[in-house]
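The structure under discussion appears below in the form of C-alpha cells.
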2 protein chains.
Amino acid sequence: MILKSQVEWALHCCAILAGLPEGRYLSTKALAELHGLPKEYLSKALQSLSQASLVETTLGPSGGYRLAKTPSDINFLEIAEAVEGKARSFTCTNIRANNPCRPEGYCDSKPCAVARIMWEADEAWRDTLRRVRLSDLVSTLSEEVPADIWRSTFEWVLKRAG
Amino acid sequence: MILKSQVEWALHCCAILAGLPEGRYLSTKALAELHGLPKEYLSKALQSLSQASLVETTLGPSGGYRLAKTPSDINFLEIAEAVEGKARSFTCTNIRANNPCRPEGYCDSKPCAVARIMWEADEAWRDTLRRVRLSDLVSTLSEEVPADIWRSTFEWVLKRAG
DNA sequence: GGAATTAAGGACATATCATATCCGAAAACC
DNA sequence: GGTTTTCGGATATGATATGTCCTTAATTCC
C-alpha cells in the first residue's frame, strides 16, 4: 500500500506555487528542473491538480500553473486525492457472503464488520490530511529553510518563468 | 494506494480462528473453502501470520492453524502489517535535495516537512488499527451474525478439521 | 501573420508488484 | 509406509505505476 510518487511531487509543487508572487505562473519545465523530475510525467500530476480545480493554467510563453485558491483554502487531502484518487485503501470483497452455511436469500443489513473497521482507519488517515492546510506547510518551510536559500529558489524559478 | 486482498483474507480467517474450541487447528483448505478463496494463495497469507507469530501451526492430518495468543492480545494492525509489511504508505524521495539553489554540502537537520505530515497521517491510520483488538471483532460479529448461522459455520468448519 | 512556447491528452513502452498456480521437502499422524 | 499438512521456491499472468513521445489547441511575442 504505497502512495504514488506523484503525490509527493504534487505537494512539493504546490508549496512552490504557494510562494509565487501574485499573478505569476510557473511552467511544468521550471517545476521539473527545480525538483529533478521527468518533465513529461510530472505534467500528468499537474494535470490532475488542474482537473481538481486546485490550480489554474495559462498557455503560451510565461504560461503555466498557479494556485486557484488561497494556500489556507487548500488542504493536503485535496492534493493527495487529486492525484491518487478518492478510493478507500481497503476494498471489501464481501467474502463472508461465500459462507456455505448462510441460507439462500440471506441479506446482511450492515456492511461487513471487518470493512467498517478498516474504513474507520482510512477515515482517520483522511482526517489528518484534511486538517493540514497548504499554508501550514508554507509556514513550516519558511521557518526551517534558511531564508537565503528560500529566496534564491524563487528567484531561480521565476527567472525560468520568463 | 490499495491494501492487498490478503489483508482482508487474514482478518476474516483470524476471526474464525478466534472462535475455535481450545486446542483445535484449522487447515488452509477449510479456511479457503469457507471463504471461497484460492487455497494455494491464501496459504501465503497464513504463512505471513505464522512468521509474525500471530498463529501456530501443526503438520499432518488434523493439523493447520490456531491463534498463538488470546484474541484480546491481537490487534488489527499486527494482522495488517503481517501480510502488508511495515513500510509506511508515503515514501520520501527527498526531492528537495535536488534544488539547484542549495549550497554544495548543505545538510537538512530534519526530515522533509512534507514527509513528516504524510507520516503523521500514516500513524493515525496505524493508531486506529492498533486500538481494535481481534476480540472486538468477535464481539461485533457474534452480535450481528444470527446465532444459528454462526454456530453452524463452526460445525461446518470443524467437520473439515477431522 | 508567423514563430515560439505552453497545457492537455492520447498512444505506447517498460518495470514493478499483486495475484495465482505448481511442485518438492519436511514434519506429523494413522 | 502412506496420507495429510505446512513451508518455501519457482514460475506465470495480469494490473498498475512509471516514463516517453507525439499531436492539438491556445497564447504570447516579434
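Atoms considered below: every heavy atom in the structure, side chains included; atoms not considered: hydrogens, waters and symmetry mates. Protein chains get the first letters and strands the later ones, always in sequence-line order, with residue 1 at the start of each.
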For this session: Would you work out how much the helix from dG1(C)-dC30(D) to dC30(C)-dG1(D) bends between its ends, with each end axis defined by five base pairs, to 10 degrees?
Result: 10°
Exercise. What nucleic acid atoms does Tyr25(B) come within less than 4.0 Å of, heavy atoms only: base, sugar-phosphate, or nothing?
Worked result: nothing
Exercise. Contact class for Glu56(B) (heavy atom, under 4.0 Å): base, sugar-phosphate, or nothing?
Worked result: nothing
Exercise. Do Tyr65(A) and Tyr41(A) sit in the same hydrophobic cluster, where Ile, Leu, Val, Met, Phe, Trp and Tyr count as joined when their side-chain heavy atoms come under 4.5 Å apart?
Worked result: yes
Do [Y] and [X] meet the salt-bridge criterion of a basic N to acidic O distance under 4.0 Å?
X: Glu155(A); Y: Lys159(A); value: no
X: Arg116(B); Y: Glu144(A); value: yes
X: Asp148(B); Y: Arg151(B); value: no
X: Lys69(B); Y: Glu78(B); value: yes

Problem set entry | For Glu123(A), all residues meeting salt bridge (charged side-chain N to carboxylate O under 4.0 Å, His left out), sequence neighbours excluded | Arg130(A)
For this session: Sequence neighbours left out, what passes side chain to side chain donor-acceptor pair (under 3.5 Å) with Thr58(A)? Give chain and number order.
Result: Tyr25(A)
Exercise. To the nearest 0.5 Å, what is the distance between CG (Leu37(B)) and OG (Ser43(B))?
Worked result: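 So the gap between those two atoms works out to 12.0 Å.
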For this session: Nearest-nucleotide wise, let me know which of Thr58(A) and Lys4(A) is further upstream toward the 5' end of DNA chain D.
Result: Lys4(A)
Problem set entry | Option from Ser50(A), Cys13(A), Ser48(A) for which side chain to side chain contact (heavy atoms under 4.5 Å, CB included) with Val55(A) holds | Ser50(A)
Exercise. Can you list every salt bridge (charged side-chain N to carboxylate O under 4.0 Å, His left out) pair that touches residues 1-21 of chain B, not counting sequence neighbours?
Worked result: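 Qualifying pairs: none.
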Exercise. Could you give the start and end, 5' to 3', of the contact zone on DNA chain D for chain A, using atoms under 4.0 Å from its heavy atoms?
Worked result: dA17(D) to dT28(D)
Exercise. Is there a donor in the side chain of Arg96(A) and an acceptor in the side chain of Asn94(A), or the other way round, less than 3.5 Å apart?
Worked result: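 Their side chains do contain a donor-acceptor pair, which is all the 3.5 Å distance test asks for.
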Problem set entry | Of Thr28(A) and Met1(A), the one whose closest DNA chain C nucleotide lies more 5' | Thr28(A)
Exercise. Between Glu84(B) and Pro61(B), who's closer to the 5' end of DNA chain C by nearest nucleotide?
Worked result: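 Result of the comparison: Glu84(B).
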Exercise. Quick one: how far along DNA chain C does chain B reach, first to last nucleotide 5' to 3', anything under 4.0 Å to a heavy atom?
Worked result: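 Range of nucleotides touched by chain B: dA18(C) to dC29(C).
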